[in-house]
> 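Structure incoming, see below.
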Amino acid sequence: MPDTPILLREQQYHQIKAVLARLRLDSSARVVLLIDKDGQQIAVQGDAANLDTTSLASLVAGNVAACGGIAQLIGEAEFPTLSHEGQRESVHISVIGRLLLVVMFDEQSSLGLVKLRSKQISKQLSTLFDEIIRDGHEDLDSPFAGITDEDIDSLFT
Amino acid sequence: MTFINYASREINCKIVYYGPGLCGKTTNLQHIFNATAPQAKGKLISLATETDRTLFFDFMPLELGTVRGFRTRFHLYTVPGQVFYDASRKLILKGVDGVVFVADSQEERMDANIESIYNLEENLKAQGYDLLKLPYVLQLNKRDLPNILPVEELALELGKKDEPVVEAVASTGAGVFDTLKAVAKQVLTELRKG
């Protein structure tokens, strides 16, 4: 049995976007992304027009999963943050429960500032996501509830 | 795990191609990538060794179209088939919505198929899934080679339930989209159940 789907309501989505926007501003970052540990992108904020965020989400999730595996091999539960510093662009990743907060930044910011701001905001994101999980399916019509075999077949024609 | 975003009106599902080394998992994805219109796909990411063997995973996002106003996207992953990459295979199964087992039809690869399918069941269990309850397709690949086993024999040996069995030649694309369609339909049917 597959896991229960995560349903993200419009209002929750905008709340998350607002939190990410503030983090981006406070940390002078270029792009901020929130993804889940399975590599699904939840929200993105910033100058991402030329960024393949779908691939980025998948690779970040793979990266965190691999590092989590290394952590367990050495007796740690996980590595709560990961940083990759490039010559111009850098990436900081925070593991917040089943969420991954990804901050991309350049010389306009610093790793220390990004770490600090990410940490300050992680509790808020965690609370918001807990609400999403808690709200579950109640009062929300799944777009697939009334789907017919013809609807499914139409995707493949 | 399926992710439904009501704001962007998107549904994302994860499908994993599993199987023994050199069975054609990556070739399946490459064919889907090459045969799909640019607007319906993202990049094909391959984390491979210098000899083009999958090291961690291949990944490509594929948009199938719109259902009830929601864009339906499938994230397709492969696992590394080589036995010693088991830790990576476990990680990639996390959050899976549907599995394709790509079997190598050649007689001398039967043991590898059996070992890999057993490994799939064990790794799914470790992630809290039951293969019997998961959308699942058995693809019998390399049907163009001379030393292959009959379909009935492979299906009998490797079949786990009443899963769809698709004959394929991934290198030419034969059966590749039939396989994808068979697993995607099951995933969407699961979503209908709620």
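Residue numbers begin at 1 in each chain, while the letters A, B, ... track the order of the sequences.
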> Could you state whether A:L100 and B:L93 fall into the same hydrophobic cluster, counting links through intermediate Ile, Leu, Val, Met, Phe, Trp or Tyr residues with side-chain heavy atoms under 4.5 angstrom apart?
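The answer is no; the residues belong to distinct hydrophobic clusters.
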> Take A:I152 and B:T189 through the test side chain to side chain contact (heavy atoms under 4.5 Å, CB included) and record every step on the way to the result.
CA-CA 8 Å; A:I152 295 175; B:T189 306; 3.8 Å; yes
> Dump the intermediate steps for side chain to side chain contact (heavy atoms under 4.5 Å, CB included) on B:F3 and A:L7, then the final yes or no.
CA-CA 6 Å; B:F3 189 86; A:L7 305 181; over 6 Å; no
> For the hydrophobic clusters of this structure (ILVMFWY residues joined by side-chain heavy atoms under 4.5 Å, transitively), does one cluster hold both B:F59 and B:V79?
yes
> Where on A:Q11 is there a heavy atom nearer than 4.5 Å to chain B: the side chain, the backbone, both, or neither?
neither
> Can you confirm whether more than 12 heavy atoms, excluding those of A:E89, are under 6.0 Å from its CD atom?
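Yes, the 6.0 Å shell around CD holds more than 12 heavy atoms from other groups.
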> Find the distance between CD (A:Q41) and CZ (B:R73) and round it off to the nearest 0.5 Å.
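Interatomic distance, A:Q41 CD to B:R73 CZ, rounded to 0.5 Å: 8.0 Å.
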> Give the cluster check for A:L111 versus A:I93: same hydrophobic cluster or not, with ILVMFWY residues linked at side-chain heavy-atom distances below 4.5 Å.
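Different clusters: A:L111 never reaches A:I93 through Ile, Leu, Val, Met, Phe, Trp or Tyr contacts under 4.5 Å.
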> By a 4.5 Å heavy-atom criterion (distance strictly below it), what part of A:T148 contacts chain B: side chain, backbone, both, or neither?
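Both parts, backbone and side chain.
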> So which part of B:T72 gets closer than 4.5 Å to some heavy atom of chain A, the side chain, the backbone, both or neither?
side chain
> Counting only heavy atoms not in B:K161 (residues, nucleotides, ligands), do more than 12 fall under 6.0 Å from its NZ?
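Correct, the count exceeds 12.
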> List the atom of A:S58, the atom of B:Y77, and the distance in Å for their closest heavy-atom pair.
OG-OH, 3.3 Å
> How about A:Q120: does its CD atom have over 12 heavy atoms from other parts shown lying under 6.0 Å from it?
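For A:Q120, atom CD is crowded (more than 12 foreign heavy atoms under 6.0 Å).
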> Picking from B:K43, B:R9, B:K14, which has the most non-hydrogen pairs under 4.5 angstrom with chain A?
B:K43
> Show your working on side chain to side chain contact (heavy atoms under 4.5 Å, CB included) between B:N5 and A:E10 and close with a plain yes or no.
CA-CA 8 Å; B:N5 187 331; A:E10 195 147 358; over 6 Å; no
> Search all heavy atoms of B:F57 against all heavy atoms of A:L59 and return the closest pair with its distance.
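Reported closest heavy-atom pair: CZ-CD2, 4.1 Å.
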> Would you give the length of the straight line joining atom CZ of A:R9 to atom CD1 of B:I4, rounded to the nearest 0.5 angstrom?
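The distance works out to 11.0 Å.
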> Under a single-linkage definition using a 4.5 Å side-chain heavy-atom cutoff for Ile, Leu, Val, Met, Phe, Trp and Tyr, are A:L51 and A:V60 assigned to the same hydrophobic cluster?
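Same hydrophobic cluster.
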> Go through the atoms of B:F177 and report whether side chain, backbone, both or neither lie under 4.5 Å from a heavy atom of chain A.
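Neither part.
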> What do the steps show when you test B:F56 against A:N63 for side chain to side chain contact (heavy atoms under 4.5 Å, CB included), and what is the final call?
CA-CA 10 Å; B:F56 195 3; A:N63 185 13; over 6 Å; no
> Got B:K185 and A:L155 here, is their nearest side-chain heavy-atom distance under 4.5 Å?
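Counting from C-beta outward, B:K185 and A:L155 never come under 4.5 Å.
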> So, taking the atom named CG in A:D151 and the one named CG in B:L188, what distance separates them when rounded to the nearest 0.5 Å?
10.0 Å
> Would you say the side chain of A:D38 lies within less than 4.5 Å of the side chain of B:H75, judging by non-hydrogen atoms?
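In short, these two side chains do not touch, never coming nearer than 4.5 Å.
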> With only heavy atoms counted, which part of B:I45 is less than 4.5 Å from chain A, the side chain, the backbone, both or neither?
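When you check distances to chain A, only side chain atoms of B:I45 fall under 4.5 Å.
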> Near B:Y118 OH, under 6.0 Å, is it more than 12 heavy atoms from other residues, nucleotides or ligands?
no
> Which of the residues B:I92, B:I11, B:V187 is involved in the greatest number of heavy-atom pairs with chain A at under 4.5 angstrom?
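That would be B:I11.
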